[in-house]
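Working notes, structure below.
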Amino acid sequence: MQISFESLETPALTKAQLADLLFDQIGLNKRESKDMVDAFFDLVVENLISGEDVKISGFGNFQIRTKAARPGRNPRTGELIPIDARRVATFHASHKLKALIQGDAVDGDDVTELGKS
């Protein structure tokens, strides 16, 4: 599967492009493709909001991390400003994904690039 980007200025894979790939390669109709992509991301978001990790084998882990409150500084004035505690989403790529990005094989396996069939 070759993914083409619509412009060099925004080299991002969009939800619309994912839905188009499902339409082209699996044969779902456009509405089903869009609904499937939306349902996948809704499920990921719901699990993260509830505090659960999301692990996608061969891709990576999404986790929620709680950052403690800390003192900050206004860069213009130097004034001290408190930064509230908050939760942030983090992503850690799997070893397999990291190896694929570097062009390496993983543990001697016959590894194909993610997104190729």
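Keep in mind that what you see is a predicted model, and the values were worked out from it rather than measured.
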Review point. Can Met36 and Asp38 be said to form a side-chain contact (heavy atoms from CB on, under 4.5 Å), step by step?
Key: CA-CA 5 Å; Met36 185 175 284; Asp38 287 340; over 6 Å; no
Exercise for review: Report the residue from Val45, Asn47, Ile64 that forms a side-chain contact (heavy atoms from CB on, under 4.5 Å) with Val54.
Suggested key: Asn47
Revision key, fill the gap. For Leu48 and Arg87 the tightest heavy-atom approach is O-NH2, 3.7 Å
Practice item. Please lay out, stage by stage, how Ile81 and Arg73 fare under the test side-chain contact (heavy atoms from CB on, under 4.5 Å). Key: CA-CA 5 Å; Ile81 300 172; Arg73 191 174 301 273; over 6 Å; no
Review point. Which heavy atom of Phe23 sits nearest a heavy atom of Ser33, and at what distance?
Key: N-OG, 3.3 Å
**Study point:** Rounded distance (nearest 0.5 Å) linking atom CG of Asn29 with atom CG of Asp35
**Key:** 8.5 Å
**Study point:** Pairwise distance CZ(Arg70) to CG(Asp84) - rounded to 0.5 angstrom
**Key:** 11.0 Å
Exercise for review: Show your reasoning for whether salt bridge (Lys or Arg N to Asp or Glu O under 4.0 Å) applies to Lys30 and Asp20.
Suggested key: CA-CA 7 Å; Lys30 290 209 179 226; Asp20 286 343; 3.8 Å; yes
Check your understanding: Can you tell me if NZ on Lys55 sees more than 12 non-hydrogen neighbours from other groups inside 6.0 Å?
Key -> no
Review point. Shared ILVMFWY cluster between Phe41 and Ile49, side chains joined below 4.5 angstrom?
Key: no
Study note, to complete from the structure: Rounded to the nearest 0.5 Å, the OG1 atom of Thr90 sits from the CD atom of Gln63 at a distance of 5.0 Å
Exercise for review: Could you tell me which non-hydrogen atom of Phe59 sits nearest to which non-hydrogen atom of Leu97, and how far apart they are?
Suggested key: O-CD2, 3.2 Å
Check your understanding: For the side chain of Glu46 and the backbone of Leu43, is there at least one donor-acceptor N/O pair under 3.5 Å apart?
Key -> no
Exercise for review: Could you go through the side-chain contact (heavy atoms from CB on, under 4.5 Å) check for Phe40 and Leu18 one step at a time?
Suggested key: CA-CA 11 Å; Phe40 171 78; Leu18 287 172; over 6 Å; no
Point to revise | Gap separating the CG atom of Leu28 from the NZ atom of Lys34, nearest 0.5 angstrom | key: 14.0 Å
Exercise for review: Answer with yes or no whether the hydrophobic clustering places Leu13 together with Ile26; edges join I, L, V, M, F, W, Y residues whose side-chain heavy atoms lie under 4.5 Å apart.
Suggested key: yes
Practice item. Over all heavy atoms of both residues, which pair between Ala93 and Lys98 is shortest? Give the atoms and the distance, please. Key: O-CE, 3.4 Å
